[in-house]
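Chain A is the first sequence line, chain B the second, and so forth, proteins listed ahead of strands; every chain is numbered from 1. Bear in mind that the values here come from a model prediction, so they are computed numbers and not experimental data.
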Amino acid sequence: MDRYEQVIELAKRRGFLWNSFELYGGTAGFYDYGPLGSTLKRRIEQIWRQLYVIQEGFMEIETPTIGIEDIFVASGHVGGFSDPLCECEECGEAFRADHLVENVTEIADALSNEEVDRLIEDNDVVCPECGGILGKAHEFNLMFKTAIGPGSGRAGYLRPETAQGMFVNFQRLSRYYREKLPFGVTQIGKSYRNEISPRQGVIRLREFTQAEAEIFVDPGNKDHPNFRKFADDILNLYSEEGQQRRTVEKIALKDAVDSGIIAHEFLAYHIGLTNHFLQRVGITADKLRFRQHMKDEMAHYAIDCWDAEIKTERFGWVEVVGIADRTDYDLNAHAKMSNTELAVYREYDEPKMIEQFVVKPDMGKLGPLFKGRSKAVAEVLRSMSRDALDVEEITINIEGEEFIVPSDIITYSQETVKVSGETIIPHVIEPSYGIDRILYSVMEHAFGEEMVPAKEDDEIDANEETRTVLKFRGEIAPVQVAVLPLLTKNELIGPATGIMNALREKGILVSYDASGTIGRRYRRNDEIGTPYSITIDFETLEDNTVTIRDRNSMHQVRTSIENIEEVISDLIYKNRDFETTGIRIE
RNA sequence: GCGUUGAUGGUCUAGUGGUAUGACUGUGGCCUUCCAAGCCACAAACCCGGGUUCGAAUCCCGGUCGGCGCACCA
């Protein structure tokens with residue numbers, strides 16, 4: 001069993017991850033989160049909220065998982081997700097069908113699959129790799145399509161990313177943030193891609209959870225006011241240049257910006273924030289790197305893009321977060337599609353006095369002359385230059401129609417105009433997290449097998465046994481503390497229940513376990529990553545003390561029942577040193 | 001999607017044309033004392049569909065799911 005199998009086997013057995021629809025045989029690309037998995041996932045998301053929503057102030061919104069066609073036409077997903085592909089019947093290589101017929105037609109990308117097939121046949125297009133015969137063109141549409149409403153309905157798609165729901169709310173959001181850049185918005189939710197052949201368990205899913213932030217910034221100012229916070233952090237950077245040399249470099253973010261490796265401070269800040277987040281949820285620092293997209297792999301509209309990649313035993317480096325400067329691409333696309341201006345007005349510090357050439361058509365005269373067309377004529381006149389207007393009769397052309405305008409109908413002058421601001425289309429910085437991949441990576445990095453001394457027993461030779469333990473950070477461990485009466489005796493169950501209730505009132509997730517020997521129960525809790533165990537024994541009845549056991553060190557202290565919930569809370573949330581919580585016992 | 005390979009309790013596994021082996025886990029009980037190994041009892045499985053057969057978990061075909069290779073991963 002490799003590490004992946006060990007983690008997945010444990011995840012399945014202990015209620016973290018289950019194959020969906022298993023009762024009916026299952027379907028690839030879907031996973032259920034069991035009791036511990038859901039809790040772990042929620043704790044990871046909660047830390048994400050703590051950083052992005054509370055600390056950064058990027059409020060969370062929630063938009064439908066189904067989107068209408070226009071959204072995905074504008075975003076490019078309808079076109080981009082339905083490339084026709086042809087596979088070679090000889091060598092099996094797949095090619096973009098429209099690219100294959102580019103040389104024999106002008107309109108390759110506007111053809112139906114049948115038309116492409118016919119062109120391939122008529123022009124004897126063969127496989128560019130091996131010269132073999134090509135199969136029929138077929139669509140690879142990675143979006144799930146559905147119908148909204150009865151009958152054939154209106155086309156809808158399950159969203160392939162949460163981002164579009166935020167872009168299309170730009171105007172509302174801009175107003176919410178009182179029209180001041182920068183501002184950001186976040187969404188945590190499900191996205192859907194109908195992958196052709198999902199494998200690799202939870203690494204590639206058809207339904208998955210994204211946590212995305214869209215941060216709208218002034219394109220003229222991509223400095224970050226709090227950059228200092230991460231400026232000195234040293235990260236494993238795998239830059240475009242580094243990839244050519246196949247070397248990952250440890251560089252401080254400040255230096256990466258100064259030397260131009262990272263495009264600008266704002267992006268670097270968010271790389272820093274991602275680094276902070278991933279380590280806080282328990283990703284091992286030396287199994288984490290940031291890889292820059294190569295020029296040819298980056299979407300054409302992006303300026304710079306970095307992926308956070310995590311090293312896993314089976315899959316190697318797995319992309320878990322993408323941090324991109326998407327420029328104004330999305331807002332432009334939706335502005336065009338919806339015919340609505342998606343921009344903010346930025347007031348200058350000082351109004352600018354601008355020399356302007358101003359044309360003033362006399363509408364009183366234009367009106368009777370051109371009737372219904374006079375407004376369009378005036379528009380054109382206003383945009384003309386002084387030279388073009390300085391003639392006897394001005395001839396203009398609107399949609400093939402000619403208009404002759406006598407020059408005495410207009411006046412023009414050079415004027416000084418006060419301009420107090422300008423309209424700008426913000427650029428978008430987008431950190432996009434794949435929560436499921438992160439959750440798996442956290443489990444893998446937390447997973448450990450340790451050899452520990454076995455209990456003495458003459459009949460068994462081995463003096464060591466394997467302890468399986470998930471070393472989750474306290475903050476993300478699904479079960480935060482186990483309450484264990486040493487024996488199943490009523491006099492022990494009473495105080496145990498009391499302690500459990502006090503902990504629960506404090507908001508701590510407790511598992512109560514009275515079944516089996518104490519050693520077995522410790523091991524059970526090690527395996528699901530419970531950081532602390534409280535054991536109630538007969539001494540408790542005498543002096544109101546219990547033992548607390550630390551999962552990682554297996555050390556125990558004896559401490560008072562009084563305020564035990566505060567002690568546990570401090571251990572989990574405030575990084576209190578375990579050894580300070582009581583008297584160490586051997 | 002193509003090729004290849006596998007599928008037996010929760011987990012790991014034995015096995016056969018006549019309904020299944022063992023271990024671990026789990027549950028209940030016993031146990032005055034702390035790291036899975038004590039005692040008693042209990043629970044729990046042949047991936048799905050079709051075919052051959054008196055009878056199929058076993059043989060054959062198809063599917064599903066998993067692994068691997070190829071392709072795909074905006």
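For the pair A/E195 and A/R13, both in contact range of RNA chain B, the more 5′-proximal nearest nucleotide belongs to A/R13. RNA chain B is contacted by both A/G516 and A/F208; A/G516 maps to the nucleotide lying nearer its 5′ end (nearest heavy atom per residue).
The A/T535 side chain lies nearest to B/C34 when the options are B/C31, B/C34, B/C35. Residue A/R558 has its side chain nearest to B/C34 when only B/C34, B/C35, B/U11 are considered. If you check B/C72, B/C34, B/A36 against the side chain of A/R204, the one that comes closest is B/C72. Distance from the side chain of A/R523 is smallest for B/C35 among the nucleotides B/C12, B/C31, B/C35. Taking the side chain of A/L142 as heavy atoms from C-beta on, and the options B/C73, B/A36, B/C35, the nearest nucleotide is B/C73.
Residue-level contact check: A/Q556 touches the bases, meaning some heavy atom is under 4.0 Å from a base atom. When heavy atoms are screened at a 4.0 angstrom cut-off, A/E9 is found touching the sugar-phosphate backbone but no base atom.
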Result block: side-chain N/O donor-acceptor pairs under 3.5 angstrom for residues 9-16 of chain A, not counting sequence neighbours:
| residue | atom | partner | partner atom | Å |
| --- | --- | --- | --- | --- |
| A/E9 | OE1 | A/R13 | NH2 | 3.4 |
| A/E9 | OE2 | A/R13 | NE | 2.6 |
| A/R13 | NH1 | A/E527 | OE1 | 3.4 |
| A/R13 | NH2 | A/E527 | OE2 | 3.1 |
| A/R14 | NE | A/E527 | OE1 | 2.7 |
| A/R14 | NH2 | A/E527 | OE1 | 2.7 |

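B/A71 sits 50 Å from B/A37 when the P atoms are compared, rounded to a whole Å. For the C1' atoms, the distance from B/G67 to B/C61 is 23 Å, rounded to whole Å. Comparing the C1' positions of B/G9 and B/C24 gives a spacing of 12 Å, expressed to the nearest Å. The separation of B/C47 from B/U53, taken at their C1' atoms, amounts to 22 Å, rounded to a whole angstrom. Taking the P atoms as reference points, B/U8 lies 14 Å from B/C59, given to the whole Å. Distance check on atom C1': B/G17 versus B/A57 gives 10 Å, rounded to whole Å. B/A45 and B/G22 have their P atoms separated by 15 Å, given to the nearest Å. Remark: the separation of the C1' atoms in B/U25 and B/G15 is 22 Å, to the nearest Å.
The aromatic rings of A/F216 and A/F167 lie perpendicular to each other, with more than 60° between the two planes, well past the 30° mark.
In this structure, B/U53 shows a glycosidic angle more than 90 degrees from zero, which is the anti conformation.
In this structure, CD of A/E319 is placed 10 Å from C1' of B/C73, rounded to the nearest angstrom. B/A36 atom C1' lies 12 Å from atom CZ of A/R467, rounded to whole Å. The CD1 atom of A/I8 sits 13 Å away from the P atom of B/U11 (whole-angstrom rounding). Rounded to whole angstrom, the span from the CG atom of A/N490 across to the C1' atom of B/U32 amounts to 15 Å. Taking atom CG of A/N194 as the reference point, atom C1' of B/G1 lies 13 Å away to the nearest angstrom. At whole-Å resolution of the value, CG in A/L23 and P in B/G10 are 12 Å apart. Remark: C1' of B/U27 and CG of A/D513 are 12 Å apart, rounded to the nearest angstrom. Separating the CZ atom of A/R14 from the C1' atom of B/U25 is a distance of 8 Å, rounded to the nearest angstrom.
A 3.5 Å limit on both hydrogen-bonding distances identifies no Watson-Crick or G-U partner for B/G9. Summarising the base pairing, B/C46 is matched to no nucleotide, lacking a Watson-Crick or G-U wobble pair whose two defining distances lie under 3.5 Å. Under the Watson-Crick or G-U wobble criterion, with both distances below 3.5 Å, B/A71 is left unpaired in every strand shown. As the counterpart of B/U16, no nucleotide is assigned, since no Watson-Crick or G-U wobble pattern has both distances under 3.5 Å. Figure legend. B/U53 is base-paired to no nucleotide; pairs are counted as Watson-Crick or G-U wobble with both atom distances under 3.5 Å. Using N1 to N3 plus N6-O4 or O6-N4 for Watson-Crick, or N1-O2 and O6-N3 for G-U wobble, each under 3.5 Å, B/C31 pairs with nothing.
Rounded to the nearest 0.5 angstrom, A/I262 CD1 and A/I323 CD1 are separated by 9.0 Å. Rounded to the nearest 0.5 angstrom, A/D32 CG and A/L17 CG are separated by 9.0 Å.
A/E69 and A/R154 are not joined by a salt bridge, as no carboxylate oxygen comes within less than 4.0 angstrom of a charged side-chain nitrogen.
Remark: the A/R549 side chain and the B/C35 base include a donor-acceptor N/O pair separated by less than 3.5 Å.
Geometrically, A/R289 engages A/W317 in a cation-pi contact, judged by NZ or CZ lying under 6.0 Å from the ring centre and within 45° of the ring axis. For A/R549 and A/Y532, the positive end is not near the middle of the six-membered ring at less than 6.0 Å and at most 45° from its axis.
Residues forming a side-chain hydrogen bond (donor to acceptor under 3.5 Å, both in side chains) with A/D325 (at least two apart in sequence, or on another chain): A/K222, A/H264.
At B/A37, one or more side-chain N or O atoms of A/T517 fall inside 4.0 Å of OP1 or OP2 (strictly under the cut-off). Residue A/R520 has no polar side-chain atom (N or O) positioned under 4.0 Å from OP1 or OP2 of B/A36. Dashed line: the shortest gap from a side-chain N or O of A/K12 to OP1 or OP2 of B/U11 is not under 4.0 Å.
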- Message: Return a single string for nucleotides 61-68 of chain B, one symbol per nucleotide in 5' to 3' order, where B is base contact, S is sugar-phosphate-only contact and - is none, cutoff 4.0 angstrom on heavy atoms.
- Response: ---SSSSB
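A/R204 is not listed as a side-chain neighbour of A/V318, based on a closest heavy-atom distance of 4.5 Å or more.
Of the possible donor and acceptor atoms, none in the side chain of A/Q164 sits under 3.5 Å from a partner among the backbone N and O of A/R159.
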